[in-house]
Amino acid sequence: MFFIQLPESVELAFAARGVTADQIRYTAKADISKENAYQEIYLALTDRELCILWGHERFVEQRKRETVIEYRCTDYRAIPLSSITDVVIDRLYTASSFLVRTGDEEILVCRLSISLAGLFEKFRERILALRDGLPIDDSGLKDEHKCCPKCKRPYPNQERAICPNCLSARASFFRLLKEYLSFKKEAVLIFVMIFLSSALTLVVPLFSSQMFYDQVLTPPGPEGTGRFYGMLLQIVLVIFAIKLASTAFSSAYGIVVSRICTQVIHKLRVKIFSSMQRLSMSFFASKATGTLMTRIDDDADWLYWFFVDLVPMYIVSALTLVGLLLIMSSISVPLTLLIFLSCILVGWMVVRAEKRLKQLQRRQHRAIRSMKSTVTDSLAGQKVVKSFAREEQEIRRFSLKNQGYFHSRINVEYFGASRFPATRMVYRLFQILVMGLGAVLAIRGELTLGGLTALIAYSDMTVNCFEYFIKAASPAARAMDAASRMYEILDTEPSVMERENPVRMDRMKGDISVRGIRFEYEVGRPVIKGISFDVKSGQMIGLVGRTGAGKSTIINLISRLYDVTEGEITIDGVNIRDIAIADLRRNIGVVTQETYLFMGTITENIRYARPEASMEEVVAAAKAAYAHDFILRFPEGYDTVVGNGGVQLSGGEKQRLSIARAILQDPAILILDEATAAMDTQTERNIQAAIEKLRAGKTIISIAHRLSTLRDADLLAVIDDGRLCESGTHRELLERRGVYFNLHKIQLDSLKFINQE
């Protein structure tokens with residue numbers, strides 16, 4: 001059953017209306033009602049009708065950490081497939097509408113979040129296919145729509161088998177603990193020191209309260225009191241020695257913990273960054289730079305303090321609490337039970353508060369992430385901001401985001417300021433009851449004065465333990481939220497995956513065959529529609545077409561920055577999906593119109609393609625790209641620092657460095673995507689001459705809007721609306737008087753107009 005696994009309660013709701021699970025072929029779930037309110041809408045498609053359940057979930061009871069849910073249906077409708085004339089997904093900015101048209105009406109079935117649009121596109125295709133009796137290929141759906149085995153809901157991100165509905169803070173905690181325990185010797189040492197420090201802390205009140213009052217200050221009596229009567233100096237020295245030892249152990253484990261945690265966070269930061277480097281372009285296209293920087297920087301810092309401060313103190317407080325209950329029960333069972341009851345009540349209140357606090361912390365993180373993304377976006381685009389005098393607009397945009405962060409933080413602080421003092425007050429009331437009841441027992445002779453003072457001291461220590469639990473609730477919730485975001489990165493699998501045993505190709509010939517490829521960035525919106533062409537080794541092919549026709553997408557697919565949806569691309573007869581990614585990328589050099597230079601010297605930027613290249617090879621590549629002359633004009637020459645914070649280069653100079661980088665790489669296939677667009681005519685001609693020299697033994701794929709630069713190409717492929725509408729040489733295409741002829745004519749007319757001016 002595709003696309004989602006129906007919950008048992010929903011299956012029963014369909015069965016009650018005569019639609020059994022055996023009849024259902026496809027299912028879908030929307031999350032927005034026709035009135036734009038949150039609602040769960042389930043759709044089931046059979047061979048004869050489309051069935052819709054509008055309803056909501058009602059939580060019945062909690063059993064052993066599992067919530068039993070009863071599905072309540074508010075409305076139901078079955079639409080015969082024979083009556084459906086069309087199914088439409090009307091995509092809006094924040095949501096989409098799912099419409100079913102019949103002969104006499106248009107039915108707004110539901111609205112859905114943008115993330116569900118792809119699933120509903122495939123659901124729509126199957127509605128129409130079943131209506132028309134067409135064959136349906138479901139071979140690829142099993143991997144496309146993976147569901148959580150626990151709640152049966154599809155994963156929001158199919159590249160990541162993580163369900164946010166079932167992801168618990170406990171699971172994140174234990175995963176982090178594995179990193180912590182990878183340092184086994186240090187972890188054992190820390191635990192031993194924590195245990196000894198806690199034990200010594202518990203012993204102090206026995207000496208300073210019970211023994212001090214009942215054995216040192218009380219004269220010898222018949223009940224065994226006063227055995228150390230008058231030994232003040234000795235008991236003071238013992239108490240001092242115990243406190244000194246406890247402090248020494250605490251300091252020692254603090255030093256060791258800091259050392260381990262620094263290493264753990266170092267490993268985690270490297271893991272996060274390494275995972276990002278392995279991810280595909282589709283991941284970065286959907287994430288803002290500020291968001292990713294927050295995950296590497298801020299989230300890692302929260303985890304550091306979680307391990308350095310929260311985890312050790314949690315262990316200390318928990319061990320101390322257990323020891324306190326054992327010792328107090330040996331002094332007075334009734335008072336201990338009263339304190340234990342207060343512990344249970346306060347603990348329950350803290351757990352409930354932490355759940356709500358975690359939600360508020362997540363909202364706060366989203367707000368600060370959005371604010372940082374706005375700052376990054378604005379600072380990176382300062383040239384555009386200044387050019388259009390939009391400083392005030394950017395200030396207002398930042399103020400709006402900052403206001404959102406302000407409100408989210410106020411909610412967190414308000415919740416902590418209102419909820420936790422109430423929890424603290426409850427425990428203080430119990431402490432007063434303990435003191436009062438203890439005084440009554442002491443008056444009756446059922447409890448000694450030393451025992452009462454020890455209980456009061458232990459009660460204060462219990463309060464301190466819970467004070468820590470309460471104070472740590474907010475940073476703990478924030479740390480677990482940071483951990484879940486970190487594991488979102490670590491658990492994400494790249495959409496472009498390498499085979500288990502890939503084909504190794506150290507040096508390619510460069511024969512490229514593109515066969516019936518289709519591609520879509522968003523499901524249901526194809527960008528490339530069945531394109532095929534062949535390029536032989538040493539040939540040059542030019543991709544021509546209007547802006548947005550799909551030319552750059554084709555070279556992205558050949559470079560395997562994305563994988564085709566259908567069809568295949570082969571190089572030297574091998575499907576690029578089977579080639580080792582490192583070998584593929586090493587044999588393909590790409591020069592784009594949007595050139596990026598890393599922070600570093602000119603030499604380092606050119607050598608980025610081949611770090612082991614000699615300085616002579618770097619200079620030769622720069623000369624071939626006609627970059628050598630302008631490089632020498634800088635005082636520091638090839639050691640000039642460029643990129644962020646370095647010398648500002650013109651667009652043409654950046655492109656020439658990018659071309660030099662590609663030349664140094666010496667690839668079998670060279671891709672030029674508007675590589676000379678930012679250059680003057682003379683430099684462009686020089687670069688074209690250099691490219692002609694490089695053509696020997698290389699396959700060149702070039703995209704250019706200036707058709708004159710592609711006049712000498714062996715093959716021109718004209719792309720229009722994602723399709724290959726015509727191909728041939730420059731002369732052949734002009735003779736056909738088709739799309740290429742019209743593009744050529746428009747450019748000639750433009751040049752004539754400029755010359756007349």
Side-chain angles (χ1 to χ4, degrees), residues 1-61 66-90 95-102 104-131 136 138 141 145-156 163 165-166:
M1 183 188 295
F2 299 108
F3 293 90
I4 67 166
Q5 180 69 41
L6 293 178
E8 183 180 353
S9 55
V10 177
E11 282 191 5
L12 293 174
F14 274 118
R17 290 158 180 83
V19 184
T20 63
D22 295 336
Q23 296 174 322
I24 300 173
R25 294 191 56 177
Y26 303 98
T27 56
K29 177 188 172 185
D31 53 359
I32 305 175
S33 70
K34 293 177 283 187
E35 293 77 22
N36 287 322
Y38 175 78
Q39 186 183 47
E40 293 191 339
I41 303 105
Y42 288 93
L43 292 80
L45 180 60
T46 69
D47 290 329
R48 295 183 301 171
E49 57 188 5
L50 172 64
C51 308
I52 306 121
L53 276 174
W54 289 273
H56 66 276
E57 288 182 336
R58 184 171 70 85
F59 294 89
V60 180
E61 60 177 319
E66 291 187 2
T67 304
V68 180
I69 300 174
E70 176 185 344
Y71 187 81
R72 292 277 181 96
C73 176
T74 58
D75 198 6
Y76 172 80
R77 180 167 181 176
I79 306 173
L81 296 183
S82 57
S83 67
I84 296 176
T85 58
D86 197 9
V87 179
V88 178
I89 297 179
D90 185 13
S96 300
S97 298
F98 189 74
L99 306 166
V100 174
R101 292 172 181 163
T102 62
D104 54 356
E105 65 175 325
E106 182 177 86
I107 305 166
L108 174 58
V109 175
C110 58
R111 303 188 195 277
L112 46 117
S113 301
I114 292 296
S115 59
L116 297 175
L119 183 147
F120 270 81
E121 284 284 0
K122 293 192 177 293
F123 191 71
R124 170 188 173 275
E125 291 173 5
R126 281 149 181 79
I127 294 175
L128 299 178
L130 285 175
R131 180 199 65 181
I136 302 174
D138 291 336
L141 293 184
H145 298 283
K146 294 176 282 190
C147 298
C148 172
K150 185 175 180 180
C151 68
K152 309 301 182 185
R153 299 179 181 181
Y155 295 123
C163 178
N165 304 302
C166 302

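Atom set for the values below is all heavy atoms of this structure, side chains included, hydrogens, waters and symmetry mates excluded.
- In this structure, the salt bridge (Lys or Arg N to Asp or Glu O under 4.0 Å) partners of Asp47, at least two apart in sequence or on a different chain, are Arg25.
- Not counting sequence neighbours, the partners of Ala78 by the side-chain contact (heavy atoms from CB on, under 4.5 Å) test are Glu49, Cys51, Tyr76.
- Asp90 is linked by a side-chain contact (heavy atoms from CB on, under 4.5 Å) to Leu92, Ser97, Leu99, counting only residues two or more places apart in sequence or in another chain.
- Partners of Arg101 according to the side-chain hydrogen bond (donor to acceptor under 3.5 Å, both in side chains) rule, which considers only residues two or more places apart in sequence or in another chain, are Glu106.
- Residues passing the side-chain hydrogen bond (donor to acceptor under 3.5 Å, both in side chains) test with Thr102, sequence neighbours excluded: Asp104.
- The only option from Ile32, Val88, Ile89 that meets the side chain to side chain contact (heavy atoms under 4.5 Å, CB included) definition with Ser96 turns out to be Ile89.
- Atom CZ of Arg48 is surrounded by 12 or fewer heavy atoms from other residues, nucleotides or ligands within 6.0 Å.
- Residues satisfying the ring pair (Phe, Tyr, Trp, His ring centres under 6.0 Å) criterion with Phe98, sequence neighbours excluded, are Phe120.
- In this structure a side-chain-to-backbone donor-acceptor pair under 3.5 Å is missing from Arg77 to Trp54.
- Put simply, the side chain of Thr27 does not reach to within 4.5 Å of the side chain of Phe14, judged on heavy atoms.
- No side-chain heavy atom of Leu112 sits less than 4.5 Å from a side-chain heavy atom of Ile41.
- Residues Leu53 and Arg17 have side chains in contact (heavy-atom distance under 4.5 Å, counting atoms from C-beta outward).
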